[in-house]
Every structure is written in structure tokens, then in C-alpha cells.
Amino acid sequence: MSGEDFESLEKVLETCVPEAELREVRRLLFGKQLKKLNLPQSALDAAEEQDFDLKGYVFEASPEQLRPPRTVRVGLIQNKIVLPTDAPVLEQITALHKRVGEMVEVAAICGVNIVCFQEAWTMPFAFCTREREPWTEFAESAEDGLTTRFCIQLAKKYNMVVVSPILERDEIHGGTLWNTAVVVSNNGNVLGKSRKNHIPRVGDFNESTYYMEGNTSHPVFQTQFGKIAVNICYGRHHPLNWLMYSIHGAEIIFNPSATVGLLSEPIWPIEARNAAIANHCFTCAINRVGTVCATSHHDFGHFYGSSYVAAPDGSRSPGLSRTRDGLLVTEMDLNLNRQVADKWNFKMTGRYEMYAEELKKAIQHDFKPNIVKE
């Protein structure tokens with residue numbers, strides 16, 4: 001079986017591991033057993049008809065005496081491109097709007113409050129090449145571009161916060177391109193944007209051909225349903241990047257991505273989960289599916305989906321399919337963040353003043369490492 005045909009780790013476990021051992025295997029791999037979310041039959045029927053994976057899980061917190069539950073439902077959407085990469089640009093964008101819009105409708109049926117799409121969701125993955133045309137034509141304004149206007153309509157229609165990662169064209173600054181996530185409130189207002197802080201220069205990921213490191217730092221967006229942040233793709237490899245979103249108060253950090261199997265799949269299940277543990281927050285890892293790279297790069301690799309959600313107590317949901325479009329719905333009680341923080345005290349015991357002082361020294365050109373020799 002090739003990697004492109006391998007549906008998911010979870011399905012293999014269910015098929016090959018005896019039931020008596022399966023529960024313990026799941027505990028070791030995923031943490032505490034999560035309840036399955038009781039999704040409406042109409043949503044399940046729509047997912048089957050529209051051919052996408054639909055899963056739902058619940059992250060519970062302990063009851064408290066002074067705080068009511070802070071329950072929010074989050075939806076993660078992963079998808080393939082719809083049309084061939086040589087189709088007209090506007091037709092490709094429109095087809096993706098239609099496909100993802102249908103999946104958002106199902107998310108609304110499931111009661112989702114916040115939905116996040118994958119990195120650069122309105123286009124093929126073009127950043128494995130240095131061939132700028134026609135891929136830069138997919139770039140659009142974060143404030144009032146075609147896709148942002150589309151997301152505003154979705155937000156208003158479904159009373160849903162929409163996180164929309166796009167290729168941004170910043171006309172105010174000379175048409176500069178950025179890898180950007182636009183956050184639209186459930187009222188249809190553009191809350192703001194968060195640009196990708198870390199740009200890969202790994203193998204065929206030639207992203208600095210298109211855009212450079214972002215300049216928006218670590219914004220956290222106060223929504224009706226909680227404080228959220230967006231750590232785009234390669235930023236997940238940088239623990240301090242997660243930390244700074246958490247320092248600014250993020251309760252849920254989204255990680256919209258586009259990454260392939262041979263490069264990153266063994267570390268994919270670990271990084272966002274570790275960040276949730278280390279930062280006392282929920283993390284949401286989203287990856288696209290399919291094998292198409294926009295250009296002649298036929299051997300670029302398989303985008304393996306496997307989107308999942310991790311909680312601060314170390315538990316995580318099973319992933320979506322490695323091969324199919326999918327919608328993952330999770331119900332989470334944000335009270336769990338503080339409950340875990342009170343137990344483990346990572347923020348309280350963190351020596352941030354010591355780290356800051358040593359990092360300040362480390363970035364100087366005349367830095368001398370603190371190495372003790374005989």
C-alpha cells in the first residue's frame with residue numbers, strides 16, 4: 001500500500017488491534033478517551049453525499065463552583081483542489097469557494113462557532129516552485145478581496161467566526177505578497193489578520209520566492225467565543241512562536257498548514273499536541289490533502305491531511321483522513337485551560353525573565369556561550 005492510499009492510522013488500529021488492547025493503545029497514542037460528538041443525521045447524510053470525512057469529538061472540563069462551562073464548537077476543514085491547475089484562475093477560486101462553502105454549511109448544521117480553513121486554501125500549492133505566473137494572480141486583498149467578501153457572507157449567514165488563510169496582496173505597500181490568515185467575526189466584521197512568522201527554506205518549499213517573514217508579530221483575536229490566534233504552517237516548528245501567542249492570551253491556536261508526508265508526517269502528530277501541553281491551551285492542526293503541486297513538480301509529495309485538535313491535558317482527537325476532504329468538529333470547554341494550568345503551573349514556573357536576558361545576549365554578534373570547561 002502506498003502512502004497516498006493509506007487512509008489513516010486510526011483505521012489500521014481498528015482493523016488490526018484486538019478490541020481488548022485497542023482502548024489501551026488509544027490511551028497511549030491519544031491521551032484520555034474522548035466522547036464522540038452526537039452529530040445531526042442531516043450533517044452525516046450531507047457529508048456522505050458530498051464525499052467528505054466528518055468526525056466529531058468532545059473535550060470536557062471538570063465542573064467548577066464559580067465559573068459556568070465555556071463551551072465552544074470548532075470546525076477544521078481540509079480539502080483537495082477542485083479543478084486542474086491549468087484552469088483559469090478565477091474558475092479555480094470560485095470552485096474552491098463552492099466546495100468549502102458547502103462544507104461550512106455542514107459545519108453550521110453541527111453547531112460550529114469558529115471554522116478554520118487550511119493554508120492558502122483558495123489555490124493550489126504553488127510554493128514548491130519559483131514560477132511566479134500565474135500563481136501570484138491568486139493573491140488578493142485581506143481586507144476586501146473576493147475571498148474575504150465570501151467569508152463575510154459565511155460569517156453573517158451562519159453566525160460563525162471564519163479564519164481564512166490566503167495569499168495576500170498588500171497594495172498599500174507596493175503590491176507586496178504575504179502568507180496571511182484573515183479573521184472574520186461572527187458579525188461579519190474583519191477583526192484583523194495574522195501573517196506567517198516563519199518561512200521554510202526546506203527542500204522544494206521555495207516560499208521566500210513569493211513572500212518573506214510576516215510583520216504582524218503575534219496578534220490574538222477576541223471573539224464572542226474565545227480568544228484565538230493563528231500560527232501558520234512552518235511556525236509550528238518553533239516553540240517560541242506558540243509561546244508568544246499564548247503569552248498574549250490565546251485560548252485556541254490554529255495551525256493551518258500545507259505539508260507532505262516524506263518531509264513532516266512523523267512529527268505532525270506531536271508538534272501541535274506538545275504546544276497545547278506546554279502553553280495550557282487548545283491547538284488545532286489543519287493540513288490539506290492531495291498530491292498536486294502547481295507546476296511541473298510531479299514528485300513533490302502527498303499532502304496527508306490528518307487534521308486534529310489537541311487539548312492542554314495532552315489528549316487529542318483522532319485525525320481526519322489522510323486522503324479525503326474532511327470536516328473535524330470538536331466541542332471544547334475552555335475552562336480546561338486554567339484547570340490544567342493550575343495543576344501543572346508551567347506559566348507560573350517559567351523563568352521568562354532569565355530566558356529573556358540570556359536571549360538578549362545570545363543575539364549579539366559578540367555572544368559567548370556559557371560553556372564550562374575543565
Side-chain angles (χ1 to χ4, degrees), residues 33-63 67-79 97-118 121 150-164 183-189 191 221-230 250-254 256 276 281-286 307-312 315-321 324-337:
Q33 184 80 21
L34 301 180
K35 292 180 181 178
K36 288 189 176 182
L37 195 57
N38 187 20
L39 299 173
Q41 188 60 48
S42 59
L44 297 170
D45 292 342
E48 182 176 2
E49 180 182 342
Q50 297 170 26
D51 189 25
F52 65 84
D53 191 16
L54 175 60
K55 291 185 172 73
Y57 299 94
V58 180
F59 292 93
E60 296 178 307
S62 299
R67 292 194 304 173
R70 298 184 59 221
T71 302
V72 58
R73 286 197 181 185
V74 169
L76 311 183
I77 290 180
Q78 64 178 43
N79 59 277
H97 283 188
K98 181 177 185 298
R99 173 58 166 168
V100 172
E102 291 170 349
M103 297 174 76
V104 172
E105 181 178 5
V106 176
I109 295 171
C110 295
V112 164
N113 306 119
I114 306 172
V115 68
C116 184
F117 309 143
Q118 65 199 23
W121 73 274
F150 173 71
C151 291
I152 287 171
Q153 293 174 351
L154 293 177
K156 289 180 176 178
K157 182 176 181 179
Y158 299 121
N159 189 33
M160 190 184 299
V161 174
V162 179
V163 181
S164 172
V183 179
V184 180
S185 80
N186 57 307
N187 295 317
N189 299 315
L191 279 179
F221 302 94
Q222 176 71 70
T223 76
Q224 180 179 322
F225 309 108
K227 295 188 286 292
I228 67 173
V230 192
E251 298 171 299
I252 307 169
I253 306 177
F254 294 94
C281 66
F282 286 90
T283 59
C284 303
I286 311 108
S307 303
Y308 70 96
V309 173
S315 60
R316 56 150 288 190
S317 73
L320 287 175
S321 168
R324 300 174 61 210
D325 291 5
L327 167 63
L328 176 61
V329 180
T330 58
E331 180 177 290
M332 55 184 72
D333 185 345
L334 298 181
N335 282 352
L336 185 62
N337 290 343

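Keep in mind that what you see is a predicted model, and the values were worked out from it rather than measured.
- For the atom pair CD1 (I152) and CG (N189), the distance works out to 8.0 Å, reported to the nearest 0.5 Å.
- Each of V74, T330, V230, T283 was scored for a side chain to side chain contact (heavy atoms under 4.5 Å, CB included) with I252, with one residue passing: V74.
- Counting heavy atoms from C-beta outward, V112 and Y158 have side chains that stay 4.5 Å or more apart.
- Residues C281 and N337 share a closest heavy-atom pair of CA-OD1, 3.3 Å.
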* To do: Could you check V115 against L154 for side chain to side chain contact (heavy atoms under 4.5 Å, CB included), going step by step and ending with a plain yes or no?
  => CA-CA 10 Å; V115 68; L154 293 177; over 6 Å; no
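- Here SG of C284 is found 8.5 Å from CD1 of I114. Values are rounded to the nearest 0.5 Å.
- Counting heavy atoms from C-beta on, the side chains of F59 and L34 come closer than 4.5 Å.
- Considering only residues two or more places apart in sequence or on other chains, K98 meets the salt bridge (Lys or Arg N to Asp or Glu O under 4.0 Å) condition with E102.
- The only member of N186, N187, N159 that meets side-chain hydrogen bond (donor to acceptor under 3.5 Å, both in side chains) when paired with Q224 is N186.
- Going from atom OH of Y57 over to atom CE of M332 covers 14.0 Å, rounded to the nearest 0.5 Å.
- The side-chain heavy atoms of N113 and R73, taken from C-beta on, include a pair separated by under 4.5 Å.
- Here the SG-CG distance, from C110 to L44, works out to 7.0 Å after rounding to the nearest 0.5 Å.
- The side-chain heavy atoms of F221 and S185, taken from C-beta on, include no pair separated by under 4.5 Å.
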* Before giving the answer on side chain to side chain contact (heavy atoms under 4.5 Å, CB included), spell out for L328 and I286 the whole-Å C-alpha distance, their side-chain angles and the decisive distance to 0.1 Å. => CA-CA 10 Å; L328 176 61; I286 311 108; over 6 Å; no
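- Taking 4.5 Å as the limit, every side-chain heavy atom of I77 sits out of range of all side-chain heavy atoms of W121.
- Considering only heavy atoms from C-beta on, F254 comes within 4.5 Å of L76 through its side chain.
- Considering CG of L191 and CD1 of I228, their distance stands at 7.5 Å, rounded to 0.5 Å.
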* To do: Apply side chain to side chain contact (heavy atoms under 4.5 Å, CB included) to V104 and K157, showing your working.
  => CA-CA 10 Å; V104 172; K157 182 176 181 179; over 6 Å; no
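- The two residues L336 and A311 have their closest heavy-atom pair at CD2-CB, 4.1 Å.
- For CD of Q41, the number of neighbouring non-hydrogen atoms (other residues, nucleotides, ligands) closer than 6.0 Å is greater than 12.
- The closest side-chain heavy-atom distance from N79 to Q118 is below 4.5 Å.
- Q78 places a side-chain N or O within donor-acceptor distance of the main-chain N or O of S307, the cut-off being under 3.5 Å.
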* Test log, rule side chain to side chain contact (heavy atoms under 4.5 Å, CB included), inputs D325 and D51 -> CA-CA 8 Å; D325 291 5; D51 189 25; over 6 Å; no
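- Interatomic distance, K35 NZ to E60 CD, rounded to the nearest 0.5 Å: 4.0 Å.
- Taking each heavy atom of S164 and F117 in turn, the nearest pair found is CA-CD1, 4.2 Å.
- Note: H97 and F150 have parallel aromatic rings, judged against thresholds of 30 and 60 degrees for the angle between ring planes.
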